[in-house]
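We name chains A, B, ... by the order of the sequence lines, and we start the count at 1 in each one. The shown structure was predicted, so the numbers you read here are calculated from the model rather than taken from an experiment. Only heavy atoms go into these numbers, but all of them, side chains included; no hydrogens, no water, no symmetry mates.
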There are 2 protein chains.
Amino acid sequence: MKNNYRLTIPEHWRAMSRVFTALGDEHRQRILLLFDPGERLNVGMIAEVSTLSRSTVSHHLKVLREAGILRSEKIGKEVWYWIDRNWLLIVFGNVMDHIREST
Amino acid sequence: MKNNYRLTIPEHWRAMSRVFTALGDEHRQRILLLFDPGERLNVGMIAEVSTLSRSTVSHHLKVLREAGILRSEKIGKEVWYWIDRNWLLIVFGNVMDHIREST
DNA sequence: ATCATATGTCTAAGAACGTCGATATGTAAA
DNA sequence: TTTACATATCGACGTTCTTAGACATATGAT
């Protein structure tokens with residue numbers, strides 16, 4: 001048994017942690033499942049097909065962005081969001097590596 | 001843009017969802033990081049090195065077990081928990097496959 | 001049978017989270 | 001400049017989650 005319970009969790013672990021937390025909400029999962037490959041969507045489009053208000057969608061997008069799952073760019077009045085595929089592959093690749101090496 | 005927001009989320013997705021939710025808590029992460037490869041730990045051992053009460057540890061172990069991350073076996077008075085490595089590899093393998101194919 | 005130990009369950013309090021409407025900010029059009 | 005629109009933020013409320021102590025259950029020892 002390791003004696004690491006009280007240690008500070010390493011930063012790359014905390015990055016994974018934010019991803020897990022962000023993905024642990026059903027509405028955020030549903031939002032991510034809306035995206036076609038490489039597609040960019042703005043808040044209004046997502047709010048329209050969802051069952052949530054604009055401000056709630058905006059909140060969930062913020063959580064996903066802060067977790068690194070989404071990236072965003074403002075163009076004119078609109079903010080376009082897209083999935084950071086490469087970053088997700090890195091994060092889950094790290095998770096797989098850890099499982100293979102340490103469990 | 002897909003029009004799947006209101007659809008029922010498939011069962012294998014809900015399994016991933018439970019895993020994400022379970023891993024989105026720092027104490028549950030710390031508990032998992034205690035295990036040496038292949039090792040089995042009981043509730044008392046975990047509660048002792050943690051900063052939590054026994055009942056709280058028991059609660060977190062239940063969440064991890066219901067997510068499929070841990071398995072358990074009662075031997076005498078004690079319940080031993082271990083990480084279901086193969087299940088985790090399947091789940092995160094599915095996640096990786098989905099990212100590669102659908103993002 | 002009685003007692004001690006290990007674990008799970010229940011309950012209640014407090015913390016954290018999700019939600020929406022109102023407001024603020026920024027941008028483009030008239 | 002005024003107006004309209006897209007998004008973000010704030011404030012308030014209700015819900016869910018986390019937590020610990022009390023209690024219940026199960027097992028083994030005396």
Side-chain angles (χ1 to χ4, degrees), chain A residues 1 5-6 9 14 16-35 39-83, chain B residues 1 5-6 9 14 16-35 39-83:
Chain A
M1 182 184 191
Y5 196 91
R6 291 148 199 264
I9 291 186
R14 307 203 59 252
M16 294 185 211
S17 176
R18 280 190 295 274
V19 171
F20 293 140
T21 303
L23 294 180
D25 178 90
E26 181 169 325
H27 283 295
R28 291 194 284 268
Q29 295 166 20
R30 290 181 181 275
I31 288 171
L32 291 175
L33 292 172
L34 288 175
F35 287 81
E39 189 178 31
R40 296 185 177 203
L41 302 175
N42 64 45
V43 182
M45 298 166 73
I46 296 170
E48 189 152 3
V49 300
S50 81
T51 57
L52 303 170
S53 71
R54 282 170 181 267
S55 64
T56 301
V57 170
S58 186
H59 162 71
H60 286 311
L61 292 172
K62 181 181 182 182
V63 173
L64 289 166
R65 183 165 45 74
E66 289 178 347
I69 299 168
L70 294 181
R71 299 175 65 80
S72 65
E73 184 186 8
K74 183 166 189 172
I75 299 180
K77 283 180 291 194
E78 292 157 339
V79 178
W80 296 85
Y81 286 86
W82 67 95
I83 294 176
Chain B
M1 181 185 192
Y5 195 91
R6 291 148 198 264
I9 291 187
R14 308 204 60 251
M16 295 186 210
S17 177
R18 280 192 294 274
V19 171
F20 292 141
T21 303
L23 294 179
D25 177 90
E26 181 169 324
H27 283 294
R28 289 193 284 267
Q29 295 167 18
R30 290 181 181 276
I31 288 172
L32 291 174
L33 292 172
L34 287 175
F35 287 81
E39 189 179 32
R40 297 185 176 200
L41 302 175
N42 63 48
V43 182
M45 297 167 73
I46 296 171
E48 188 151 3
V49 300
S50 80
T51 58
L52 303 170
S53 71
R54 282 169 180 269
S55 66
T56 301
V57 169
S58 186
H59 162 72
H60 286 311
L61 292 172
K62 181 181 181 181
V63 173
L64 290 167
R65 183 166 45 74
E66 288 178 348
I69 299 169
L70 294 181
R71 299 176 66 81
S72 65
E73 182 186 10
K74 184 167 188 172
I75 301 181
K77 282 181 292 193
E78 292 156 338
V79 177
W80 296 86
Y81 286 86
W82 67 95
I83 294 175

Atom pair distance, as rounded to whole Å: [atom1] in [X] and [atom2] in [N]:
{"X": "E73(B)", "N": "dT7(C)", "atom1": "CD", "atom2": "C1'", "result": "15 Å"}
{"X": "I31(B)", "N": "dT19(D)", "atom1": "CD1", "atom2": "C1'", "result": "13 Å"}
{"X": "E26(A)", "N": "dT19(C)", "atom1": "CD", "atom2": "C1'", "result": "15 Å"}
{"X": "L52(A)", "N": "dG18(C)", "atom1": "CG", "atom2": "C1'", "result": "9 Å"}
{"X": "E48(A)", "N": "dC5(D)", "atom1": "CD", "atom2": "P", "result": "14 Å"}
{"X": "F20(A)", "N": "dC17(C)", "atom1": "CZ", "atom2": "C1'", "result": "20 Å"}
{"X": "K62(A)", "N": "dG18(C)", "atom1": "NZ", "atom2": "C1'", "result": "14 Å"}
{"X": "K74(B)", "N": "dT27(D)", "atom1": "NZ", "atom2": "C1'", "result": "6 Å"}

Nearest of [options] to any side-chain atom of [X]?
{"X": "S53(A)", "options": "dC20(C), dT27(D), dT27(C)", "value": "dC20(C)"}
{"X": "S55(B)", "options": "dG21(D), dT7(D), dT9(D)", "value": "dG21(D)"}
{"X": "K77(B)", "options": "dT27(C), dG18(C), dT27(D)", "value": "dT27(D)"}
{"X": "R54(B)", "options": "dT7(C), dA22(C), dT19(C)", "value": "dT7(C)"}

- Message: For E48(A), is the CD atom crowded, meaning more than 12 foreign heavy atoms sit under 6.0 Å from it?
- Response: no

- Would one find more than 12 heavy atoms of other residues, nucleotides or ligands at under 6.0 Å from atom CD of E39(B)? yes

Side-chain N or O of [X] versus OP1/OP2 of [N]: is the shortest distance under 4.0 Å?
{"X": "H60(B)", "N": "dC17(D)", "value": "no"}
{"X": "T56(A)", "N": "dG18(C)", "value": "no"}
{"X": "Y81(A)", "N": "dA6(D)", "value": "no"}
{"X": "S58(B)", "N": "dG8(C)", "value": "yes"}

- Query: For S17(B) and Q29(A), does a side-chain donor sit closer than 3.5 Å to a side-chain acceptor?
  - Reply: yes

- Task: Check whether the side chains of S53(B) and T56(B) place a donor and an acceptor atom closer than 3.5 Å, and report yes or no.
- Result: yes

- V63(B) vs V43(A), nearer the 5' end of DNA chain D by closest nucleotide: V43(A)

- Would you mind telling me which residue lines up with the more 5' stretch of DNA chain C, G76(A) or N42(B), judged by nearest nucleotide? N42(B)

- Under 4.0 Å between any heavy atoms, over every strand shown, what does R28(A) touch: base, sugar-phosphate, or nothing? Just pick one. sugar-phosphate

- Name the nucleic acid region contacted by H59(A), choosing base, sugar-phosphate or nothing; use a 4.0 angstrom heavy-atom cut-off, strictly under. base

- Answer yes or no for R40(A) and W80(A): cation-pi contact, defined as NZ/CZ to six-membered ring centre under 6.0 Å and angle to ring axis within 45°. no

